[in-house]
Each structure stands twice: as structure tokens, then as C-alpha cells.
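Worksheet: the structure to be examined is printed underneath.
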Amino acid sequence: MELPMLLKPEAVRVLSGTTSKKRLMQELGAIAESAYGVPHATAVEALLERESLGPTGVGHGVALPHARIEGIDQVVGVLALLERPIDFDAVDRQPIDLAFALFAPIDAGVEHLKALALVSRTLRDASLCAKLRSNSDPMTLYTIVTEAQAAQAA
């Protein structure tokens, strides 16, 4: 599995007005709808439901919200860079400014886990996250994150 299979360039955004976790979920749902046709309300509800089981803020300013969605046929991702960090109940209690959301089909057990592992591994790289945080162009962000995985594989 490779990041370009999960993430379209149009699913990468820089968000300026996000002030809360719930608002971020709304934004991620809107991006998923415009990039992949995932119904907004379904995406937001699924993300919030998953988040109620335990926070997906993994630390170091990164969150990996994810959910299973009825009616999609492959795992897809949304990457958001927040201009201002928000509280996300992360494990290290630090605010987050990078969110990579994954939406998986209801029955995508192994594929969903592989995608989560891939994104987690990629965003665990502090220098990669620093590069992402120092750019505000969505296409540049897409290139940084997808080329980073290609470099790790080499």
C-alpha cells in the first residue's frame, strides 16, 4: 500500500478557521465529500463516533482520526494542516496541527489497519512533520508526504 493510493492531491488542505475538534471533524468530512464523494454527514458522524471510543491524537501535534463508512469501496485519506493548533485530547496532551483522516469501507479490516500503520509510520518522522508545517501550499504538502513514503521504501 502506498500513500498516493490513499490520498488525492485535492484531499489536502490548509485550514485557517478551525477552532475545535468538532469543527475539524466537520472540515475533514467536507474535504472527504468534495474529494471522494463520501457523504459529509456520514463522514462526520463516523469520525465522531470513533473518537468517542478514544482520542486519535497520537502526539507530537498529529492526529489520525479514522472511521469505517458504508458505501465506499476503498480506503481513502484526507490531510489537513491547521494554521493554528487546536486541543484534540492527544495522548501527550499537546495541541495538534496535522490531521490525517482515513475513511475505510465497513469490511476493510486488514486494509484499514495497513493504511493506519502506513500513515502513522510516515507522520512519526519529525523532520517530515517540520517540512509539512513550514509549507502552506496544498500541492507542496501532498508532494512532501507522498515522496517521503517513496524515500522510506527505497
Side-chain angles (χ1 to χ4, degrees), residues 3 5-109 111-126 128-142 144-146:
L3 278 172
M5 293 170 48
L6 296 175
L7 184 67
K8 288 181 174 180
E10 55 270 26
V12 179
R13 303 270 175 84
V14 176
L15 304 176
S16 59
T18 307
T19 55
S20 68
K21 183 186 225 181
K22 187 172 182 179
R23 183 71 195 137
L24 175 60
M25 299 303 193
Q26 294 280 341
E27 298 270 6
L28 295 171
I31 298 166
E33 182 173 53
S34 69
Y36 304 108
V38 175
H40 178 263
T42 303
V44 174
E45 183 181 325
L47 287 173
L48 291 172
E49 187 177 308
R50 166 55 191 89
E51 202 65 25
S52 72
L53 301 175
T56 56
V58 296
H60 305 285
V62 176
L64 302 177
H66 54 278
R68 295 177 192 262
I69 304 278
E70 189 79 45
I72 62 173
D73 58 2
Q74 69 180 50
V75 181
V76 295
V78 171
L79 175 63
L81 171 66
L82 285 64
E83 288 185 351
R84 279 179 253 117
I86 61 166
D87 180 36
F88 202 84
D89 301 319
V91 295
D92 63 359
R93 298 192 174 144
Q94 297 301 307
I96 65 108
D97 61 353
L98 284 170
F100 197 121
L102 287 172
F103 300 92
I106 294 289
D107 59 354
E111 288 303 307
H112 185 188
L113 295 175
K114 284 181 180 179
L116 268 172
L118 170 62
V119 172
S120 175
R121 218 175 19 256
T122 303
L123 294 180
R124 202 175 299 138
D125 181 339
L128 171 87
C129 289
K131 285 180 194 172
L132 290 170
R133 291 179 173 116
S134 66
N135 284 282
S136 59
D137 174 62
M139 196 61 212
T140 302
L141 298 174
Y142 175 81
I144 290 168
V145 77
T146 56

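In this structure, CG in Leu82 is found 13.0 Å from CZ in Arg13, a value given to the nearest 0.5 Å. Between the CG atom in Leu113 and the CG atom in Leu118 there is a gap of 12.5 Å [rounded to 0.5 Å]. Expressed to the nearest 0.5 Å, how far CD1 of Ile96 lies from CG of Leu81 amounts to 10.0 Å. Rounding to the nearest 0.5 Å places CG of Leu6 at 9.0 Å from CD of Glu111. Here the CE-CZ distance, from Met25 to Arg50, works out to 9.0 Å after rounding to the nearest 0.5 Å. Taken to the nearest 0.5 Å, the CG atom of Leu123 stands 12.0 Å off from the NE2 atom of His60.
Remark: the backbone N or O of Ser16 is paired with a side-chain donor or acceptor of Arg84 at under 3.5 angstrom. Formation of a donor-acceptor pair under 3.5 Å by the Lys131 side chain with backbone atoms of Ile144 is not found in this model. The backbone N or O of Val44 sits nowhere less than 3.5 Å from a side-chain atom of Gln26 that would complete a donor-acceptor pair.
Take Ser120 and apply the side-chain hydrogen bond (donor to acceptor under 3.5 Å, both in side chains) test, not counting sequence neighbours, and it matches Arg124.
Closest heavy-atom contact between Pro138 and Ser136: CD-O, 3.6 Å. When all heavy atoms are compared, the tightest approach of Ile72 to Ile69 is CG1-O, 3.7 Å. The two residues Gln74 and Met5 have their closest heavy-atom pair at NE2-O, 3.7 Å. Across every non-hydrogen atom of Ile31 and Glu10, the tightest pair is CG2-O, 4.3 Å. Residues Gly77 and Ala11 approach most closely at O-CB, 3.4 Å, considering heavy atoms. In terms of heavy atoms, Val91 sits closest to Gly59 at CG2-N, 4.0 Å.
The one candidate from Leu3, Leu28, Val62 that meets the side chain to side chain contact (heavy atoms under 4.5 Å, CB included) condition with Phe100 is Leu3. No option in Asp137, Asn135, Leu141 other than Asp137 meets the side chain to side chain contact (heavy atoms under 4.5 Å, CB included) test with Met139.
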Open item on the list: If you apply the rule side-chain contact (heavy atoms from CB on, under 4.5 Å), what do you find for Thr42 with Glu70, and how did you get there?
Closed with: CA-CA 8 Å; Thr42 303; Glu70 189 79 45; 5.7 Å; no
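In the displayed structure, His40 atom NE2 is contacted under 6.0 Å by more than 12 heavy atoms of other residues, nucleotides or ligands. Heavy-atom contacts from other residues, nucleotides or ligands closer than 6.0 Å to CD of Glu49 number 12 or fewer.
Within the structure, the side-chain hydrogen bond (donor to acceptor under 3.5 Å, both in side chains) test picks out the following pairs touching residues 92-103 (sequence neighbours left out): Asp97-Arg133.
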